[in-house]
Number of protein chains: 2
Amino acid sequence: MTQTTFDRVERRTVAVEVRERLIEAIRNGELIAGTALPAERVLCEQFNVARTSVREAIQGLATAGFIERRGNRAFVVEVVPGLELALDSRKATVRNLFEVRRVIEPAMAGLVALRAPEHVRREIADLASRHASGIDEFRLIDRQFHQMIASACDNPVLSEVYSKALASLFNSEEFASLLYAENNKEEVSNIVESSSHAHVEIAEALLAGDQVRTEKAVAAHLRDVEARMLERLI
Amino acid sequence: MTQTTFDRVERRTVAVEVRERLIEAIRNGELIAGTALPAERVLCEQFNVARTSVREAIQGLATAGFIERRGNRAFVVEVVPGLELALDSRKATVRNLFEVRRVIEPAMAGLVALRAPEHVRREIADLASRHASGIDEFRLIDRQFHQMIASACDNPVLSEVYSKALASLFNSEEFASLLYAENNKEEVSNIVESSSHAHVEIAEALLAGDQVRTEKAVAAHLRDVEARMLERLI
DNA sequence: TGCCTTGGTCTGACAATCAGACCCAAGCCA
DNA sequence: TGGCTTGGGTCTGATTGTCAGACCAAGGCA
């Protein structure tokens, strides 16, 4: 057995970590292009680091072109570096994410129909029948619904793999821009209504312990949502 | 749209990073229980950090019980903390990992049969027909074979999700202890032979562009390897 | 315009890391 | 056993990164 070797370790400073957090927030839409960054004093409180470290991080953002200074504030640039993906590329990303969901979700939900105790399946059904009062509440219920199914499949590894894939979709700029764009209100409302119905269908199949019916309901749900999202990416 | 907030950032020192690298190597079998750690001067060269940082990390290992000092060397303890998982729990981990593979791999390989250009499928077949001269070379070919299939499915997200799952299996202590235990030589040889045949089967189905046959060949392969691994976990 | 917020700059203290030197103990081999 | 090599232990001084806080100038808003 050969003697093991180790790769070099890089020194990882607080300022670099803060900078990457901010870049991530810009990339996934939490910090919107053209808007002001939170104040340094606010950031150093939230990150729980010294202000000099925050300033160091922000200077790195300015150098890399993610922000510009106007007046006494720092603003996210209108055109974020590396985000001008071609439309084809953005559609491909959404397609790829939904393809991953199509590979994983029906099988996983099928396992839930097979394995989960009745009281767990009943809880899932209760959640599916809850009525959301707006897009933000729907998103919350939607996430809980899917996470509950993942948790109920009795395979923590599969659950984790799926959760990461779902997080990628929810954190993508395509998803955020679709949900919050003012001119998409009607379509978003359609997606919410259609998804609520699909959740109910899925939950009924789960409650009946019917693996095949569950898999079909999940697959249909994914096809519907994916089509609506791709349709709106113009 | 609500104003975003950030989670606290922890200060991450070089010594902590080195310590975690060493713990990981102990956990996944690269550093064997009872054997001596590499010398400090060797480690600081490999990690590319100062010796004081390496010493700090090693002191943390000693405090946490991963190593003990005997003579002028540091040795991995015979009983590594947190590694005495119950046998049931270890089998469950392996089962869970293989279940994830069963969800993902047949579908992914099926996509390759559908989508990949012929020259790519031919490359995969060439790799499958290569003869390994030992366990280490087999592991290398095995990894390349599976990674090549993942890359050929034309969905980078799925490919990445799968690669992470595969890495979890290959890095698990169950896998390492099975492959390198002296009393498993014959069984390991059987696994290698059986897997080589299965790879050839899979590659032929891919070359034929037959999605259904590919999915079946992959599923059979996984059932075989899983059964052999679980059988040997005693 | 006045007041508050925010960014810019600086200070001094502390923590972490670095490279290197030196010494002693342990291990190995003739 | 003696000598050499290897390895750990300790220390030094310099550099970098982080911290908390103070003070001033600029910007924004009622």
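Letters A, B, ... are given to chains in the order of the sequence lines, protein chains preceding strands, and every chain is numbered from 1. What you see is a predicted model, and the numbers here were worked out from it, not measured in a lab.
Rounded to whole Å, the distance from CZ on Arg55(B) to P on dG7(D) is 14 Å. One can place CZ of Arg8(B) at 11 Å from P of dC19(D), the figure rounded to the nearest angstrom. In this structure, CD of Glu56(A) is placed 13 Å from P of dG8(C), rounded to the nearest angstrom. Phe75(A) has its CZ atom 12 Å from the P atom of dG27(D), to the nearest Å. If you measure from atom CG of Leu37(A) to atom P of dT6(C), you get 12 Å, rounded to the nearest angstrom. Rounding to whole angstrom units, CD of residue Glu45(A) and P of dG7(C) are separated by 13 Å. In this structure, Arg12(A) atom CZ and dA16(C) atom P are separated by 18 Å, rounded to whole Å. When the C1' atom of dC24(D) is taken as reference, atom CD of Glu40(A) falls 15 Å away, rounded to whole Å.
Ring geometry for His146(B) versus His199(B): interplanar angle over 60°, hence perpendicular rather than tilted (30 to 60°).
Ala74(B) comes within 4.0 angstrom of no nucleic acid atom, judged by non-hydrogen atoms across all strands.
When the shell of 6.0 Å around CD of Glu193(B) is examined, it contains 12 or fewer heavy atoms from other residues, nucleotides or ligands.
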Exercise. Could you please spell out the steps behind the side-chain contact (heavy atoms from CB on, under 4.5 Å) verdict for Ile23(B) and Phe66(B)?
Key: CA-CA 7 Å; Ile23(B) 289 177; Phe66(B) 286 97; 3.6 Å; yes
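Using a 4.0 Å cut-off between charged nitrogen and carboxylate oxygen, Arg228(A) and Asp224(A) count as a salt-bridge pair.
Between the Ser195(B) side chain and the Val192(B) main chain, no donor and acceptor come within less than 3.5 Å of each other.
Aromatic pair His221(A)/His197(A): centroids not less than 6.0 angstrom apart.
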Quiz item: Just by protein heavy atoms under 4.0 Å, how would nucleotides 18-30 of chain C read 5' to 3' in B, S and -?
Solution: B--BB---SS---
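Each of Thr13(A) and Val42(B) was assigned the nucleotide of DNA chain D with the nearest heavy atom; the assignment lying further toward the 5' end belongs to Val42(B).
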